[in-house]
Amino acid sequence: MRSAKDFFRPLAVGAPAPVREVPFRPSRMIHFFDPGNEKMAAKVPSLAPQVDVLLGNLEDAVPADRKEAARAGLVKTARDVDFGDTQLWTRINSLDSPWALDDLLTLVPEIGGKLDVVMVPKVEGAQDIHYVDRLLAQLEAKAGLTRPILVHAILETAAGVAAVEEIAGASPRMQGISLGPADLAASRRMKTTRVGGGHPDYLVRADPPASGGGAAGDGPRPTFQQDLWHYTIARMVDACAAHGILPYYGPFGDIQDTTACEDQFRNAFLLGCVGAWSLHPVQIGIAKRVFSPSPQDVAWARRVIAAMGDGTGAVMIDGKMQDDATYKQCLVVADLADALAARDPELAAAYAAATAGEEAR
Ligand SMILES: CC(=O)SCCNC(=O)CCNC(=O)[C@H](O)C(C)(C)COP(=O)(O)OP(=O)(O)OC[C@H]1O[C@@H](n2cnc3c(N)ncnc32)[C@H](O)[C@@H]1OP(=O)(O)O
Ligand SMILES: CC(=O)C(=O)O
Ligand SMILES: [Mg+2]
């Protein structure tokens, strides 16, 4: 393990200085596209202003015989498209594949100046991040880059979940972690065949109604579906928050079930995630809606902050006690709203209108 004194030292002579804090840039949706798929790549210029992050995917979902085409397509897209404020990320192939090394050896010199984040799949421990960290530093130095490329890990192996805290803190490059429910299910030998979301058989059942003598009767016993992902998401959120990096829910594979997608995204948002992946254009609007706090919540948060003055003590607002802790929760909501409003004029107007309404009450 590196000494704390060396943690922020560049890992190659001439590499850019690592960031001391992960910059918070809105990333409500990480929109996946296959850069080797001409139809999808053609949509990137019109998608760029609609999404917070565009991700050129090189790993799973790209056929083995199209890996090189996808890599070349990403280089072309990065060069040709004006992304404005939208971030450009890539998901490289997994480190045990024959393509990962060439992915980095090609992308950093060719388009390193345009790449914000490299997503690394199937991360099993800090050693995987250390490998990518050193390699990126060498390549950045060689390419003369002045800004470090950040790293995002996918949590999709049982070993990775067991090591999530050390992964989150493995390098100052760590930007965030996404849940990868499909590979994680396989790695854990879960008996599911879906990409994220719930399962109707994962449930609890109410006790049997008591019969007259107190023994169990025969009446109906309602069941309640449980969340398969609660434990992992909560653990990932804690690891990320403890290390000052950002947690994300990953993909929701049932593209047509927009209702369940929205529910899954909202649970992740409430638990602390800042965004999710969009695999299809229909999921972009869902993520934008879910990962932006509602105007009502923002107006309320701003009201509490105003009433709390320096943030200490206790006050009553509409019958609810507010104190230092609720003040901090409200700051989370209000700060997020400010960051999103700076990028999204429609949202800024909705927040301003709701806040004016709350103040007029
Ligand atoms: C477990 C994991 O690793 S998840 C991450 C890996 N998976 C992915 O990245 C999948 C990305 N998404 C996709 O490949 C596609 O959306 C699919 C295969 C799921 C569905 O694709 P299609 O069957 O073409 O969907 P559909 O017909 O509804 O598409 C409508 C249009 O949107 C386009 N489109 C679909 N997905 C995307 C996308 N992610 N980005 C941009 N455009 C897209 C299609 O090309 C099509 O264009 P057209 O109207 O010009 O023909
Ligand atoms: C996200 C991902 O790669 C997975 O679920 O396997
Ligand atoms: Mg995966």
Side-chain angles (χ1 to χ4, degrees), residues 29-64 66-67 69-71 73-74 77 81 83 86 88-97 99-100 103 117-124 128 152-161 164 167 176-190 192-199 228-229 232-233 236 247-258 261 264-265 268 273 275-288:
M29 73 298 293
I30 302 168
H31 183 75
F32 270 58
F33 70 99
D34 173 352
N37 175 325
E38 281 173 17
K39 242 167 74 175
M40 268 196 213
K43 292 198 166 50
V44 166
S46 61
L47 282 174
Q50 299 175 44
V51 301
D52 294 335
V53 178
L54 272 162
L55 181 145
N57 177 36
L58 307 182
E59 201 226 9
D60 292 356
V62 174
R66 301 282 305 155
K67 294 291 186 186
R71 197 188 291 139
L74 180 55
T77 300
V81 176
F83 293 93
T86 299
L88 177 65
W89 295 19
T90 186
R91 177 168 80 166
I92 59 168
N93 285 286
S94 63
L95 300 180
D96 62 355
S97 77
W99 305 292
D103 290 343
V117 174
V118 168
M119 182 182 274
V120 183
K122 303 178 177 69
V123 171
E124 303 221 299
D128 290 338
H152 183 108
I154 311 181
L155 196 60
E156 53 180 349
T157 66
V161 176
V164 65
I167 292 169
I177 301 183
S178 286
L179 173 75
D183 272 301
L184 182 55
S187 170
R188 282 177 170 162
R189 305 184 68 74
M190 290 166 67
T192 56
T193 56
R194 303 173 173 204
V195 178
H199 194 290
L228 281 168
W229 302 109
T232 317
I233 295 177
M236 177 182 74
Y248 297 76
Y249 177 76
F252 189 86
D254 191 342
I255 307 291
Q256 289 185 352
D257 193 349
T258 49
C261 176
Q264 179 74 73
F265 284 6
C273 291
W277 300 8
S278 52
L279 300 183
H280 185 281
V282 77
Q283 294 181 334
I284 293 172
I286 301 174
K288 192 175 276 192

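Remember, it's 1-based here, ligands and their atoms both numbered in the order they're listed. Sequential numbering from 1 along the given sequence is applied to the chain's residues.
At least one heavy atom of L47 sits closer than 4.0 Å to an atom of ligand 1. Heavy-atom separations between D34 and ligand 1 are all 4.0 Å or longer. Residue-ligand proximity: H31 is placed with a non-hydrogen atom under 4.0 Å from ligand 1. For the ligand labelled ligand 2, residue P251 lies inside the 4.0 Å heavy-atom shell. For the ligand labelled ligand 2, residue P121 lies outside the 4.0 Å heavy-atom shell. Assignment of R91 to the shell around ligand 2 is supported, since a heavy atom sits closer than 4.0 Å.
Counting the atoms of ligand 2 from 1 in the order shown, those under 4.0 Å from a heavy atom of W277 are 1 (C). Counting atoms of ligand 1 from 1 in the listed order, those under 4.0 Å from a heavy atom of N57 are 6 (C), 9 (O). Close contacts between ligand 1 and D60 involve ligand atoms 6 (C) [criterion: under 4.0 Å to a heavy atom]. Within the listing of ligand 1, atoms 4 (S) sit less than 4.0 angstrom from a heavy atom of P251. Counting atoms of ligand 2 from 1 in the listed order, those under 4.0 Å from a heavy atom of D183 are 4 (C), 5 (O), 6 (O).
Expressed to the nearest 0.5 Å, how far CD of Q264 lies from CG of L228 amounts to 9.0 Å. Note that CZ of R71 is 4.5 Å distant from CG of D103, once rounded to the nearest 0.5 Å. A distance of 6.0 Å separates CG of L54 from CG of L47, quoted to the nearest 0.5 Å. Atom-to-atom distance recorded for N37:CG and N57:CG is 11.0 Å, nearest 0.5 angstrom. Taking CE of M119 as the start and CD1 of I30 as the end, the distance is 4.5 Å to the nearest 0.5 Å. W277 CH2 to I284 CD1: the interatomic distance, rounded to the nearest 0.5 Å, is 15.5 Å.
With contacts defined as side-chain heavy-atom distances shorter than 4.5 Å, the pair L95/E124 does not qualify. Taking 4.5 Å as the limit, every side-chain heavy atom of P251 sits out of range of all side-chain heavy atoms of Q283. The shortest distance between side-chain heavy atoms of L179 and P247 does not fall below 4.5 Å.
No side-chain donor-acceptor contact under 3.5 Å links D34 to the backbone of A70. Judged purely by atom type and a 3.5 angstrom limit, S187 uses its side chain to pair as donor or acceptor with the backbone of A158. At distances below 3.5 Å, at least one donor-acceptor pair connects side-chain atoms of T90 with backbone N or O atoms of G56. Of the possible polar contacts, one joining the S97 side chain to the W99 backbone as a donor-acceptor pair under 3.5 Å is found.
With E156, E59, R91 as candidates, the residue nearest to atom 3 (O) of ligand 1 on a non-hydrogen basis is R91.
Classified by interplanar angle (parallel below 30°, tilted 30° to 60°, perpendicular above 60°), the ring pair W89/Y248 is perpendicular. The aromatic rings of F265 and F252 sit perpendicular to each other, their planes meeting at more than 60°, with 30° as the lower class boundary.
Distance from atom 37 (C) of ligand 1 to its nearest protein heavy atom, with residue and atom name: P281 CD, 3.5 Å. The nearest protein atom to atom 7 (N) of ligand 1, hydrogens excluded, is given as A61 CB, 3.4 Å; this is a heavy-atom distance. From the protein, the heavy atom lying nearest to atom 45 (O) of ligand 1 is K39 CE, 3.8 Å. Ranking the protein heavy atoms by distance from atom 13 (C) of ligand 1 puts M40 CE, 3.4 Å first.
We find that D183 and K122 are joined by a salt bridge, their nearest charged nitrogen and carboxylate oxygen being less than 4.0 Å apart.
Side-chain polar atoms of R188 and T232 form a donor-acceptor pair below 3.5 angstrom.
When the Mg ion (ligand 3) is compared with the N/O/S atoms of E156, atom OE1 turns out nearest.
Residue D183: an N/O/S atom is found under 2.8 Å from the Mg ion (ligand 3). Here E59 does not reach the Mg ion (ligand 3): none of its N/O/S atoms is less than 2.8 Å from the metal.
The shortest N/O to N/O separation between E156 and ligand 2 falls below 3.5 Å. Considering backbone and side-chain N/O of F32, one or more are found under 3.5 Å from N/O of ligand 1. Taking any N or O of L279, backbone or side chain, at least one lies under 3.5 Å from an N or O belonging to ligand 1. Any N or O atom pair closer than 3.5 Å counts here, and L179 shares no such pair with ligand 2. By the 3.5 Å distance cut-off applied to N or O atoms, H280 is counted among the residues near ligand 1. Polar contact check, E59 against ligand 2: no nitrogen or oxygen pair lies under 3.5 Å apart. Between A182 and ligand 2, at least one N/O pair is under 3.5 Å apart. At a 3.5 angstrom cut-off on N or O pairs, K43 counts as close to ligand 1.
For atom 22 (P) of ligand 1, the protein comes within 4.0 Å by no heavy atom at all. Within a 4.0 Å radius of atom 47 (O) of ligand 1, the protein contributes at least one heavy atom. Counting only heavy atoms, the protein never gets under 4.0 Å from atom 18 (C) of ligand 1.
At a heavy-atom distance under 4.0 Å, no atom of E38 approaches ligand 1.
For the side chain to side chain donor-acceptor pair (under 3.5 Å) criterion with S278, the lone passing option out of H31, Q50, K288 is H31.
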